[in-house]
Amino acid sequence: MAVYTQLLVRRYLSTRIIPLIAVAAVGLCVALVVIVVSVMSGFLDNLRASGRTLMGDVVISYPVQGIPYYKEFIADVLKLPGAAAATPLVDTYGLLRMPYPGGPNKDVVTAQVWAIEPETFSQVTELDRTIWWKPAASAQEALAMAEDDPRRQQDLSGLYEDAKVLRDRATDRPGALLGMHVSIVNQRQRDGSYRPRNSMWWMPNHEITVTLVPISEKGTVSQSNSRVFKVVNEVMSGVFQVDKNRVFIPLKEGQELLRLDEAPIVDTTAVPDASGNYPVIGTSPARATQILVRAKDGVTPDELRVQVAEAYEQFYLQKSADPSVRTRPPAAEYVSIMTWEQRLRDLIAPVEKERQMMRILFSITYLVCAGLILAIFWSIVSEKTRDIGILRAIGASRMGVLWIFLRYGLTIGMVGSGVGIVLAWLVIRNINAIHMALGNDAPPWLYVTFFLLAAGSAALTVRALTRSRILSVLLWTVATLALVGIGTGLVLHRGFLIWDPAVYYFATIPSEMDWNNAWITAVGAIVFSVLGAAVPAARAADIDPVRALRYE
């Protein structure tokens, strides 16, 4: 059986054009699914990578009132086997008075203000990497920048060093880091770089006024506090919502503005002194509303979260049992201890759902493969009825005939899936080059080539007319019209970018192949190809040899 099944499958594949059409259809379906899902997976991976560099691996949070004795708790965290670094911060919202436009009336915008310790914050979140206005890391990187890029034209080493310490070192004034899109001055270019719309308002040359509103332990709003900060640099984190709203200032200044710094505790029940001051009975410790922790290599965020949660429970019990402690930390059940993925679930979950939805929608192409192969094989079975009768007459079993067509479908599915994966890999690997080519006008040689091919096709059409070949006339006419249409489209094409970095956030389209999805898609295409061939195969196996030999 193996000899004649292999022979017939090879003959059907090599002597007919219909199987090649089926292979092409399966390949295109597989390539479509793999390309779409790989790009979606790339966006999700970029978002996850950006999220981890924004907030480390584990976030301990107690908003508004903050966590007292946070330095002692951080010391405990750093003793954990899974913790590599930790940093405190104060997270709040405030108002920014921008330096533009000219005149007394300046723009005022809302922003998420993070008060941080630059050194430890960089250890946890790689802040240094996100600072934008800095010298090129290498000569090759400098050459890759446009000639008018400020990073290439100016010496930005001083700004970069100021940004790393969040301070204007020349005047020793506290500095601020702005997200790249906080200011409306920055204009994103097609290559993903930035230029100020007006060089006069380039933000590192100016100051901003930050206004924060302290909230008391009773939940009441106190009088707002304001402070002027020198803009020392701007950051590009990788998440648009962050770069549009976030501002970094030094932790000490943030605590002072929100009255979360160390302060004396007075006894309001006692009799005040001659100056009207109540006696001081202790000191309220400084507070941080969040603590970010980074895991050591090989330790997952979930494993670190468990260790941090246990450490905080011990920290709380220790402070609660100490009679000298007047300000107790919040109980563990009121403190949020989450991994970075849990914190970003509002961003990550929709993208994951979109990827799953796209995978489900494009998986309908499997049904297209199955239907196409069923129709082709049904036609082949009808055409080869006499051949099937001869095989049955000389001793071929029903299972042998069934296996011929199942193997035929399996071969088409495997070859088509292989073609689809190779095609998808080529497209994904060169997707940014393809995209940039679409962003430019078509070169003259390209549309001239299509017009020449159209002229050749028209000549063959005329030749077919002289020989009264209707099929040839039809095919060459369609080819001529298609080539003329493509050439005309290229002439009229004026560069457009589907994924314009000036509009969308990521500078480039993800170009990494999602191999797990690729193999799953390939297996699915093979299975549905075999299923599509199963019905005609069963029909062929049921053919009576006597009737088949009399079939016309």
Evaluate the side-chain proximity of I421 to W515: yes if any heavy-atom separation is below 4.5 Å, no if none is.
yes
Considering residues, nucleotides and ligands other than K134, do more than 12 of their heavy atoms fall under 6.0 Å from its NZ?
yes
Other residues, nucleotides and ligands only: do more than 12 of their heavy atoms fall within 6.0 Å of CE on M145?
yes
Identify the heavy atoms of I131 and A163 that sit nearest to each other, and give their distance.
CD1-CB, 3.6 Å
Rounded to the nearest 0.5 Å, what's the gap from CD on Q123 to CG on D128? Could you check?
10.0 Å
Would you give the length of the straight line joining atom CD1 of I486 to atom CG of L481, rounded to the nearest 0.5 angstrom?
11.0 Å
Are any of the side-chain heavy atoms of V39 and I431 separated by less than 4.5 Å?
yes
side-chain contact (heavy atoms from CB on, under 4.5 Å) between L80 and V308: does it pass, once the steps are laid out?
CA-CA 8 Å; L80 296 175; V308 171; 4.0 Å; yes
Would you say the side-chain atoms of N245 pair up with the backbone N or O of Q112, donor to acceptor, closer than 3.5 Å?
no
Could you go step by step and tell me if E341 and R305 meet the salt bridge (Lys or Arg N to Asp or Glu O under 4.0 Å) rule?
CA-CA 12 Å; E341 279 203 63; R305 186 190 65 80; over 6 Å; no
So do the side chains of L292 and W340 get within less than 4.5 Å of each other, counting heavy atoms only?
no
Taking it one step at a time, do Y334 and Y62 satisfy ring-ring contact (aromatic ring centres under 6.0 Å, His included)?
CA-CA 8 Å; Y334 302 120; Y62 189 68; 7.6 Å; no
Side-chain ion pair, R151 and E141, N-O less than 4.0 Å
no
So D76 and Q314, do their side chains get closer than 4.5 Å, heavy atoms only?
no
Distance col, row H181:NE2 vs Q187:CD, nearest 0.5 angstrom, shows 11.0 Å
Show your working on side-chain contact (heavy atoms from CB on, under 4.5 Å) between V124 and V293 and close with a plain yes or no.
CA-CA 6 Å; V124 174; V293 187; over 6 Å; no
Test item: Q290 and M55 side chains (from C-beta on) under 4.5 Å apart, heavy atoms
no
Which heavy-atom pair separates A86 from I74 by the least distance, and what is that distance?
CB-CG2, 3.9 Å
At what distance, to the nearest 0.5 angstrom, does NZ of K164 lie from CG of N233?
11.5 Å
Within the structure provided, determine whether Y93 and T110 are in side-chain contact (heavy-atom separation under 4.5 Å).
no
Of the non-hydrogen atoms in S237 and R129, which two are nearest, and what is the gap between them?
O-NH2, 4.4 Å
Are W132 and S193 side-chain neighbours, meaning at least one heavy-atom pair lies under 4.5 Å?
yes
If you count heavy atoms of other groups shown closer than 6.0 angstrom to CD of Q140, is the number above 12?
no
What I want to check is whether the side chains of T120 and T87 have a donor and an acceptor closer together than 3.5 Å.
yes
Indicate yes or no: at least one non-hydrogen side-chain atom of F73 is less than 4.5 angstrom from one of I60.
yes
Where do P88 and A288 come nearest, in terms of heavy atoms and distance?
CB-CB, 3.9 Å
Treating T339 as the side-chain partner and D57 as the backbone partner, does any N or O pair qualify as donor plus acceptor under 3.5 Å?
no
Kindly compute the distance separating CD1 (I35) from OG1 (T521), expressed to the nearest 0.5 Å.
11.0 Å
For residues 443-457, dump all side-chain donor-acceptor pairs below 3.5 Å to protein atoms at least two apart in sequence or in another chain.
unit_1	atom_1	unit_2	atom_2	d
T449	OG1	W445	O	2.6
S457	OG	W476	O	3.0
S457	OG	T480	N	3.3
S457	OG	T480	OG1	2.7

Which pair of heavy atoms, one from S529 and one from V26, lies closest together, and at what distance?
OG-CG2, 3.9 Å
Could you go step by step and tell me if E234 and Y194 meet the side-chain contact (heavy atoms from CB on, under 4.5 Å) rule?
CA-CA 11 Å; E234 293 172 291; Y194 288 88; over 6 Å; no
With distance as the sole test, does S417 use its side chain to make a donor-acceptor pair with the main-chain N or O of M414 at under 3.5 Å?
no
Going by atom types only, do T289 and D91 share a side-chain donor-acceptor pair under 3.5 Å?
no
In Å, rounded to the nearest 0.5 Å, how long is the span from CD1 of I428 to CG of L423?
9.5 Å
side-chain contact (heavy atoms from CB on, under 4.5 Å), that's the test. Do R152 and L143 meet it? Break it down for me.
CA-CA 8 Å; R152 184 174 180 178; L143 291 175; 3.9 Å; yes
Closest heavy-atom pair, K296 versus A83, reported as atoms and distance to 0.1 Å, is CE-O, 3.1 Å
